[in-house]
Amino acid sequence: MFFKDFKIWETELAGRKLTLETGKMAGLANAAIMARYGDTNVLCTVTASAKPREGVDFFPLSVDYEEKMYSVGRIPGSFLRREGRAGEKAILTSRCIDRPIRPLFPKDLRNDCSVVATVMSVDPDCSPEITAAIGVSAALAISDIPWAGPISSVNVGLVDGEIVINPNLEQRAKTDLNLTVASTADLVAMIEAGGNEIDDDTMFNAIMAGHEENKKIVQFINGIVEEVGKPKFAYESSDPDPEIMAEIEEFCIEDVKKALDTDDKLVRDEALLPIYEAVHEKFDERFEGCEAKLDEIMYLVQKHVVRAWLKDEHKRVDGRGIDEIRPLNAEIDLLARTHGSGMFTRGQTQVLSVTTLGPMTDAQMLDGLDEQTEKRYIHHYNFPSYSVGETKPSRGPGRREIGHGALAEKALLPVIPSVDEFPYAIRVVSEVLSSNGSTSQGSVCGSTLSLMAAGVPIKAPVAGISCGLITGDEGVYGDFMTMVDIQGLEDFYGDMDFKVAGTKKGITAIQMDLKVHGLTPEIIKEAFAKTHKARNYILDEIMLPVISEPRAELSPYAPKMYTLQINPEKIGDVIGKGGKVIQEIQNDYDVKISIEEDGRVYISGIDAEKCEGAVNMVNLIATDPEVGAYYNGIVTRLMSFGAFVEIAPGKEGLVHISRLDTKRTEKVEDVVNVGDPIQVKCIEIDDQGRINLSRRDYLIDIEGAVPENNIDEEGERKPRRNNAHNRRDKR
């Protein structure tokens, strides 16, 4: 056999076959797995450098989930007709793979590691994201790269009140929950969720159901490791020398405690600068060659202080109680000309969210691997360098910004009104003005304020808060403590950032970041209880007193939106050849028009009168002329026998010369010329569909004109009776 190392393993996941193959493809990687789930294929490769990267104080891991359009039988829609930079969904999937695998690498590893999951075939019923996560875990587990896995990952849905593992395409269309759970054999390693106001107990049960399914796949991967797993390679540890660490800690720890003991990030950073200088001045020469390690040691000293305060003394750096939220403030209408604005401040975290309403033509078009082709509600999150007091040029949003924007979007999407209720495309931009912990949840609160101020009839206000974790020396199986509303330092040195957003009724979004291997059920339950209480407090005491419900009226600067339904068979008439008709309407009335395949027409513009004119014009085009109806038309052609009048684009009728006026007309040009506006009545549609119009009837019916006595209903002179006959009648 050519592929002598080729091996294949099979199991079942949620009633569908899961296959993992190795030894056939990508043989030069440290390990490669072709993961097959149904007809979904994802090639998962992992590679690591032979030597550590010099000059870094972090583990250089990159995770890329690559969507190939050939996997769904489509050619990319870009000009170059090839895949470009990763789309938003691919970036979010990369993050969902990264978050559970990263804590399982040794903290002192500095070798570059690259994880690539390439989607090559997609079965709509079998998620490529889940297939990729399982394939990456298997590849890392059998590789020689040091890693404490494996893990597994599943989707969990809630269909008709029942928990469903890895829902298929039909089930995903009607699920109330989109939950991704990653687990080790014992612990929950990652949670990412979006839900339709799911109560805490139901969410917890769904997480545990996913965890139980993951245990089976972890056992399956462990069996593969036993058969083909490679010994893990030895690496050069980056941990500082214990003796140097102890001496520096003794030298500066009291000064570090004093510097950290403040609620002001700027004051804290300023107080730490002279301590860093003193450490370098005293130890640079003594520990020659270890200068780069001194800053890392200072980091570890601060981490030790913060964790000891929290765990042993229940003391927070800003003096708050363990479950006390920082000072809060909410405002609306900060920007005069925007459609809606709201600012939410929590301590030194401050987010300004701005809402913009647009026509449905402004909805975002998507070119991905799933069935979603457009997005009507868009949430963007910006994190400029000044928000953390740094200087750095803006280079567009990174993965973190895209992930935080998507989290806020997921949190608010369940309360956004349907198109039928509110026919607008909606974009919210959250500008982080100051950052000291959990800006993503600040953007949820600020965006709720902004949407309500803009008059978007959301179903319920949404608030978000984060919960932190400190574990003991024994890890999550020993003592632990959680604290609500973590600030930057507690996030930086703690073990968890458990973000939960929701309404008073239930959870709409969860994102969990960990620095430990996973969470026990007890920690998850406690985090749910604390975040539930905190977000209700934020809603009742801070947000709702500022604006209790969405405004009834939109901003005068927001576009006015009109919706009408036409016969789908008339869509072509409204659009016209080459789009000529619809473009003329848009230009004439200064509006934007969007037409759906089912005949729904959305017309938007700033001027209500012009919008109504466009609505009338579309109705004219889409409605067949009716006998007895009146129309405003334009004269298009003159003939000796009458004038042709366009009553709607593409619809023309004849006004016979005898029906041009209430008096006799000798020449058509005596009454109208080409281009003249004219009011007419439809008096006949013959069996060939020809339309006969009358200006004369319009003048009589609408303007009350009286025809000359000697003009009959056909516009002709009545026959004259001779005088002799009249005299005889009198006698």
Side-chain angles (χ1 to χ4, degrees), residues 35 37 40-44 62-78 82-101 115-136 153-157 166-169 171-173 175 177-182 190-195 363-381 396-414 416 425-428 440 508-511 513:
Y37 187 32
T40 293
N41 288 49
V42 184
L43 177 63
C44 304
S62 65
V63 178
D64 292 295
Y65 173 84
E66 298 185 340
E67 296 181 327
K68 301 298 183 181
M69 295 304 291
Y70 57 70
S71 66
V72 289
R74 294 206 297 267
I75 295 173
S78 66
R82 68 177 299 159
E83 292 83 1
R85 71 184 294 269
E88 184 176 294
K89 188 161 187 180
I91 289 172
L92 298 177
T93 302
S94 297
R95 285 169 55 84
C96 280
I97 296 172
D98 183 310
R99 296 211 308 274
I101 67 173
V115 173
V116 180
T118 306
V119 182
M120 296 184 164
S121 176
V122 174
D123 176 348
D125 286 331
C126 299
S127 164
E129 296 87 358
I130 293 302
T131 310
I134 294 172
V136 164
S153 185
V154 293
N155 283 138
V156 185
N166 286 358
N168 58 30
L169 180 63
Q171 292 168 327
R172 289 198 299 270
T175 184
L177 174 65
N178 182 11
L179 166 68
T180 302
V181 180
M190 193 274 294
I191 301 169
E192 181 86 15
Q364 182 181 3
M365 305 306 294
L366 303 176
D367 190 20
L369 303 186
D370 57 16
E371 292 70 33
Q372 187 180 6
T373 58
E374 69 174 22
K375 187 164 65 171
R376 168 180 165 248
Y377 175 64
I378 307 163
H379 196 120
H380 290 153
Y381 167 104
R399 290 190 172 194
R400 177 183 177 277
E401 286 86 348
I402 290 172
H404 279 15
L407 176 60
E409 182 176 294
K410 189 180 297 184
L412 289 158
L413 190 59
I416 297 296
I426 307 165
R427 180 182 184 237
V428 176
S440 66
T508 57
I510 300 175
Q511 187 178 92
D513 295 323

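Just so it is clear, the model here is predicted, and its values are computed rather than measured.
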- [ ] Give the C-alpha distance, both sets of side-chain angles, the deciding distance and a yes or no for side-chain contact (heavy atoms from CB on, under 4.5 Å) between Glu409 and Tyr381.
- [x] CA-CA 10 Å; Glu409 182 176 294; Tyr381 167 104; over 6 Å; no

Task: Side chain Arg99, main chain Asp513, donor-acceptor under 3.5 Å - done: no

TODO: Return yes if some donor-acceptor pair links the side-chain N/O of Thr40 with the main-chain N/O of Asp123 below 3.5 Å, else return no.
DONE: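 Yes, Thr40 side chain to Asp123 backbone: donor-acceptor pair under 3.5 Å.
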
Could you give the distance from [atom1] ([X]) to [atom2] ([Y]), rounded to the nearest 0.5 Å?
X	Y	atom1	atom2	answer
His380	Arg427	NE2	CZ	5.5 Å
Ser121	Leu43	OG	CG	13.0 Å
Ile426	Arg376	CD1	CZ	4.5 Å
Leu412	Leu407	CG	CG	9.5 Å
Glu83	Ile75	CD	CD1	10.5 Å
Asn168	Gln171	CG	CD	4.0 Å

Minimum-distance pair of heavy atoms, taken over all atoms of [X] and [Y]:
X	Y	result
Ala425	Ala363	CB-N, 3.9 Å
Gln511	Gly403	NE2-O, 4.3 Å
Val42	Pro128	CG2-O, 3.8 Å
Leu369	Ser71	CD2-OG, 3.5 Å
Ser153	Ile134	O-CD1, 3.7 Å
Thr175	Gly157	OG1-CA, 3.4 Å

Apply side chain to side chain contact (heavy atoms under 4.5 Å, CB included) to [X] and list each qualifying residue two or more places apart in sequence or on a separate chain.
X	answer
Lys410	Glu192, Ala509
Ala90	Tyr65, Glu67, Ala86
Arg85	Ile91, Ile402
Ala193	Leu179, Met203, Ile510

Salt bridge (charged side-chain N to carboxylate O under 4.0 Å, His left out) involving [X] - partner list, sequence neighbours excluded:
X	value
Glu88	Lys375
Arg399	Asp64
Asp98	Arg102

- [ ] Tell me, please, which residues at least two apart from His379 pass ring pair (Phe, Tyr, Trp, His ring centres under 6.0 Å).
- [x] none

Open item on the list: I'd like to check the ring pair (Phe, Tyr, Trp, His ring centres under 6.0 Å) partners of Tyr37; sequence neighbours left out, ordered by chain and number.
Closed with: none

Holding to side-chain hydrogen bond (donor to acceptor under 3.5 Å, both in side chains), I want the full list of residues that pass it with [X], two or more places apart in sequence or in another chain.
X	value
Lys89	Asp370
Thr180	Asn155
Ser127	Glu129

- [ ] Could you check if a side-chain atom of Met120 sits within less than 4.5 angstrom of a side-chain atom of Lys68, using non-hydrogen atoms only?
- [x] no

